Amino acid sequence: MKKHSARVAPLSACNSPVLTLTKVEGEERPRDSPGPAEAQAPAAGAEAGGRGSRRCWRCSQAQLKKIFWGVAVVLCVCSSWAGSTQLAKLTFRKFDAPFTLTWFATNWNFLFFPLYYAGHVCKSAEKQSVKQRYRECCRFFGDNGLTLKVFFTKAAPFGVLWTLTNYLYLHAIKKINTTDVSVLFCCNKAFVFLLSWIVLRDRFMGVRIVAAILAIAGIVMMTYADGFHSHSVIGIALVVGSASMSALYKVLFKLLLGSAKFGEAALFLSILGVFNILFITCIPVILYFTKVEYWSSFDDIPWGNLCGFSVLLLTFNIVLNFGIAVTYPTLMSLGIVLSVPVNAVVDHYTSKIVFNGVRVIAIIIIGLGFLLLLLPEEWDVWLIKLLTRLKVRKKEETAEGSADPGSGPQSKSRRARPSFAR
């Protein structure tokens with residue numbers, strides 16, 4: 001499918017380079033036949049100005065549309081992530097089984113490819129059958145497609161990392177408040193940078209090293225905020241472990257599989273759901289019979305909370321992975337960090353959280369580190385260009401200001417002379 005040529009990495013859309021509009025197609029016009037230079041110059045200037053203004057207008061319209069969609073995506077990411085976190089906390093009051101909840105929610109990943117194919121049928125001009133679309137997306141795994149060997153070597157490890165990431169996150173919600181969990185999970189972006197720098201040999205950036213240091217400092221301060229109690233230390237360790245698993249997932253995906261088109265990403269995430277159903281199902285069963293995660297009867301399970309959590313988590317992953325099609329990746333990342341104040345407000349009214357000075361400073365430090373990691377790689381070049389333009393403009397204004405007083409008396413004397421010419 002030629003239309004969807006953009007490539008994304010599952011759960012790594014936030015690390016993609018910022019997209020910029022540089023050209024609007026269809027604006028070039030055929031040149032007129034050569035004419036007299038005196039008559040052609042003004043017309044050419046007017047035509048060039050018209051083309052430039054129309055091009056700028058269309059670019060601004062496209063950018064405004066992308067920003068509008070970006071705001072919608074930010075709100076969707078923020079509400080789905082904060083909502084799933086709060087709903088998980090509420091679920092554990094009646095159903096104390098974090099691994100079973102992780103397994104149940106991961107099964108919904110199977111819906112990724114069917115939902116993608118439904119969108120393909122509705123939007124694409126070149127419609128393909130399910131089999132054709134599946135075979136085309138399977139090329140992502142190599143020339144032989146999705147074989148049994150590929151399934152266990154390239155899909156199964158990511159299925160394990162996915163399960164560990166979600167389980168550690170949910171288990172941490174049982175130990176500490178959702179505000180601390182959500183802000184500590186934002187450190188995964190710093191871990192992604194450190195692993196990419198070490199494993200993928202990505203470009204060294206001083207500002208991102210500073211962001212990583214801020215993230216580590218925030219983790220230490222968050223631990224100190226509750227006085228190093230065993231309950232809070234375990235919870236913080238679980239969140240940091242979840243963030244580390246998420247970072248490892250993203251870096252290994254880039255190392256082993258590279259980037260994926262939208263259809264390939266949807267197929268990959270559906271395969272993770274299939275892996276979860278086939279190979280992870282035995283673990284909740286073992287936990288149930290060993291009474292590690294036990295419930296008296298299936299009627300006591302809050303199915304509404306389980307389904308609501310799964311839908312919110314599915315929505316979050318869909319928007320995070322495929323929102324790049326309608327807006328800028330940086331705006332999507334803001335939705336994650338904006339979920340922290342949302343969780344803080346909810347915790348303030350529903351729990352006994354104490355926002356002491358250490359906790360507030362830790363939240364601010366981690367949030368600042370997260371925002372620094374959103375800076376593009378060429379941010380320093382852009383900053384130098386901006387400062388240079390401002391300096392040049394200031395010199396021009398100073399030169400114009402110094403030229404005005406010299407011409408002022410002369411022009412004033414000229415205006416003072418009466419003119420009798422008619």
Side-chain angles (χ1 to χ4, degrees), residues 7-16 81 84-85 98-99 102-103 105-106 109 112 140-141 150-173 181-205 208-209 211-216 218-219 222 234-260 264-265 268-276 279-280 283 313 316-317 320-321 329 332-333 336-337 366 369-370 372-374:
R7 302 184 75 85
V8 296
L11 282 182
S12 60
C14 303
N15 304 317
S16 303
W81 186 237
S84 61
T85 302
F99 194 92
T102 301
W103 169 82
T106 306
N109 278 15
F112 268 99
F140 171 65
F141 297 102
V150 169
F151 179 82
F152 283 106
T153 57
K154 293 188 177 181
F158 294 100
V160 174
L161 289 174
W162 182 287
T163 301
L164 286 174
T165 299
N166 287 280
Y167 169 68
L168 293 174
Y169 184 87
L170 291 176
H171 197 67
I173 293 175
V181 172
S182 58
V183 72
L184 287 169
F185 190 78
C186 291
C187 295
N188 78 317
K189 206 164 183 62
F191 298 157
V192 168
F193 162 69
L194 293 175
L195 285 175
S196 299
W197 181 39
I198 296 170
V199 178
L200 302 178
R201 306 295 182 183
D202 280 1
R203 176 188 172 189
F204 174 82
M205 292 182 62
R208 293 186 177 177
I209 289 291
I213 295 172
L214 290 175
I216 296 171
I219 293 171
M222 191 66 73
I234 293 173
I236 291 171
L238 289 171
V239 185
V240 173
S242 175
S244 302
M245 292 298 104
S246 174
L248 186 61
Y249 174 99
K250 295 175 184 179
V251 173
L252 284 182
F253 187 93
K254 190 174 180 181
L255 178 66
L256 299 178
L257 299 173
S259 58
E264 295 166 351
F268 181 81
L269 292 169
S270 292
I271 290 171
L272 296 187
V274 173
F275 171 82
N276 187 74
F279 298 99
I280 307 297
I283 299 179
L313 194 60
F316 170 77
N317 286 315
L320 196 65
N321 283 286
M332 295 189 298
S333 301
I336 299 175
V337 73
I366 294 175
F370 186 90
L372 287 176
L373 288 166
L374 295 182

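Only this structure's heavy atoms are used, side chains among them; waters, hydrogens and symmetry mates stay out. Nothing here was measured: the structure is a model prediction, and the numbers come from that model.
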All side-chain hydrogen bond (donor to acceptor under 3.5 Å, both in side chains) counterparts of [X], not counting sequence neighbours:
X	result
Trp197	none
Thr165	none
Thr102	none
Asn109	none

Between Phe151 and Phe275, is there a side-chain heavy-atom distance shorter than 4.5 Å?
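The answer is yes, as the side chains (C-beta and beyond) meet within the 4.5 Å cut-off.
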Nearest heavy atoms of [X] and [Y], plus distance in Å:
X	Y	value
Pro157	Thr153	CG-O, 3.5 Å
Cys187	Ile366	SG-CG2, 3.9 Å
Gly235	Ala172	O-CB, 3.6 Å
Leu170	Pro98	CD1-O, 3.9 Å
Val337	Cys186	CA-SG, 4.3 Å
Leu184	Ala243	O-CB, 4.4 Å

Which residues satisfy the ring pair (Phe, Tyr, Trp, His ring centres under 6.0 Å) test with [X], sequence neighbours excluded?
X	value
Tyr167	Phe99, His171
Phe158	Tyr249, Phe253, Phe268
Phe152	Phe279

Using modelled atom types only, decide if a donor and an acceptor are shared between the side chain of Asn276 and the backbone of Leu272 within a distance under 3.5 Å.
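Such a contact is absent between Asn276 side chain and Leu272 backbone.
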Counterpart residues, side chain to side chain contact (heavy atoms under 4.5 Å, CB included), relative to [X] (two or more places apart):
X	result
Leu168	Leu238, Ser242, Met245
Ser244	Phe191, Val240
Ser84	Trp81, Phe309, Leu312
Ile216	none

From Glu264 atom CD to Leu257 atom CG, the distance as rounded to the nearest 0.5 Å:
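Separation between the atoms: 10.0 Å.
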If we check side-chain contact (heavy atoms from CB on, under 4.5 Å) with Val251, which of these qualifies: Leu200, Leu194, Ile198?
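Of the listed residues Leu200, Leu194, Ile198, the side-chain contact (heavy atoms from CB on, under 4.5 Å) partner of Val251 is Leu200.
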